[in-house]
Each structure stands twice: as C-alpha cells, then as structure tokens.
**Student:** 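Quick one: structure below, then a few questions.
One-based numbering, in listed order, for ligands and for the atoms of each. What you see below is based on every heavy atom in this structure, not just the backbone, and it leaves out hydrogens, waters and symmetry mates. Just so you know, these numbers come straight off a predicted model, no measurement behind them.
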Amino acid sequence: MTTPALSIPKVRLATVWLDGCSGCHMSLLDTDERLALLAERVDVVWGPLVDAKEFPENVDVTLVEGAISSEEDLHRIRQVRSRTKILVSLGDCAVNGNVPAMRNQFGANAVLKRAYLENGTLDAQIPRQVIPTLLPVTRPVHELVPVDLFVPGCPPSADLIFSVLSELLEGRMPNPAAKFG
Ligand code: SF4
C-alpha cells in the first residue's frame with residue numbers, strides 16, 4: 001500500500017506598497033530566476049500583482065515598501081500588522097521615511113497647495129475626494145506599528161532581499177547589517 005505524499009505547507013508571503021516609488025518591489029523582481037526558487041517555498045497571498053480584495057489573515061511574512069503618509073496608509077499598516085507574524089520594513093522609505101518624508105519640513109497643506117494650486121494650469125483645485133487624506137507628517141513604519149526586521153537601501157539590492165527571504169524561509173532571523181552593511 002502506498003502512502004500519499006504529504007505536502008509541506010508553504011510560507012504565506014505578502015508585499016505591501018505604501019508611500020514608495022515601487023523601486024523596492026522592482027528590486028524584488030530583480031532576483032530574476034531566483035523567483036522560481038522562492039515560488040517553490042512561498043505562496044504570495046497579497047501584493048500589487050495579486051488579485052485579492054482584502055488583506056488576508058495569518059500571513060507569515062509581509063514586506064512593506066514605503067512610508068506612512070496618509071490615513072489610508074495608517075489604516076493599511078495597522079491591519080497588516082495585526083495579520084502578520086513577521087513584518088519587514090523594506091527599503092529606506094519604510095525604514096526612515098526617506099523621500100516621502102522630505103515634505104515634513106513644509107507641512108501637508110503647503111505641499112497640496114504647491115502641487116494642485118500653484119502648479120495647476122486648468123481649473124486648479126485641491127482634490128478632496130480622490131486622493132487619500134494626508135497625515136500632518138510622513139513617518140517610518142516602526143513609528144506606527146512594531147517592526148520585526150529592517151532592510152535598508154534605496155532600494156535594497158536584489159541579493160540582499162533574496163538573502164533575507166532565504167534566511168526567513170529557513171526559520172532564521174537575518175541580520176542585513178551584519179551581512180551587507
Ligand atoms: S526606498 Fe527608494 S526605491 Fe524603495 S520605495 Fe523608497 S525611494 Fe523607492
């Protein structure tokens with residue numbers, strides 16, 4: 001009598017795009033053929049290319065790109081944190097605010113005025129219904145929710161991202177600073 005093959009459960013991986021330029025996601029894609037290796041070990045349950053309406057429960061690892069700039073970002077990161085075991089700040093925008101935080105010295109209203117009124121050429125007005133409401137200042141992820149791992153870089157290299165994911169898949173907590181700092 002043959003025994004049915006047991007399938008090893010895959011790690012449930014999510015990637016989240018907040019206030020960032022998508023460059024960190026591009027760097028993840030730059031792992032190229034190593035994506036096939038990752039695909040053997042993970043199920044991508046949420047991300048820019050995943051057709052899901054609701055961030056799922058019981059996510060093992062979430063990579064977060066981008067800073068927290070709007071009420072929508074804040075709601076998202078709180079939900080992600082509550083549903084994720086290991087939350088990773090991926091890239092300098094998530095780690096320290098980086099480019100999105102440059103607006104902090106001016107304030108949200110001044111930035112909106114500059115973008116939509118002073119630079120508007122036709123029927124200039126600040127949109128109130130289309131863009132999410134900005135927070136007074138942009139903040140890195142760990143200032144709003146606990147973060148388990150920081151992966152700096154703008155963007156972090158594909159090698160670094162692959163190394164971090166490989167370590168996590170082996171059940172080890174990586175130290176990016178020690179390996180690549
Ligand atoms: S860290 Fe750099 S590459 Fe990543 S989202 Fe921010 S600006 Fe883009």
**Student:** For residues 119-128, tabulate all N or O donor-acceptor pairs below 3.5 Å that involve a side-chain atom, not counting sequence neighbours.
**Tutor:**
unit_1: N119; atom_1: ND2; unit_2: R114; atom_2: O; d: 3.2
unit_1: D123; atom_1: OD2; unit_2: Q125; atom_2: NE2; d: 2.9

**Student:** Just by modelled atom types, is the A39 backbone N or O under 3.5 Å from a matching donor or acceptor in the K10 side chain?
**Tutor:** yes
**Student:** What class does the angle between the rings of W17 and H25 fall in, given that below 30° is parallel, 30 to 60° is tilted and above 60° is perpendicular?
**Tutor:** tilted
**Student:** I'd like to know if the side chain of R81 reaches the main chain of P146, judged simply by a donor and an acceptor atom lying under 3.5 Å from each other, with no hydrogens or angles considered.
**Tutor:** yes
**Student:** Report, as yes or no, whether the 6.0 Å neighbourhood of atom NZ on K113 holds more than 12 heavy atoms from other residues, nucleotides or ligands.
**Tutor:** no
**Student:** With D19, which of N98, D73, L135 fulfils side-chain contact (heavy atoms from CB on, under 4.5 Å)?
**Tutor:** D73
**Student:** Provide the number and element of each atom of ligand 1 under 4.0 Å from a heavy atom of G153.
**Tutor:** 1 (S)
**Student:** Give me the number of protein N, O or S atoms whose distance to atom 6 (Fe) of ligand 1 is under 2.8 Å.
**Tutor:** 1
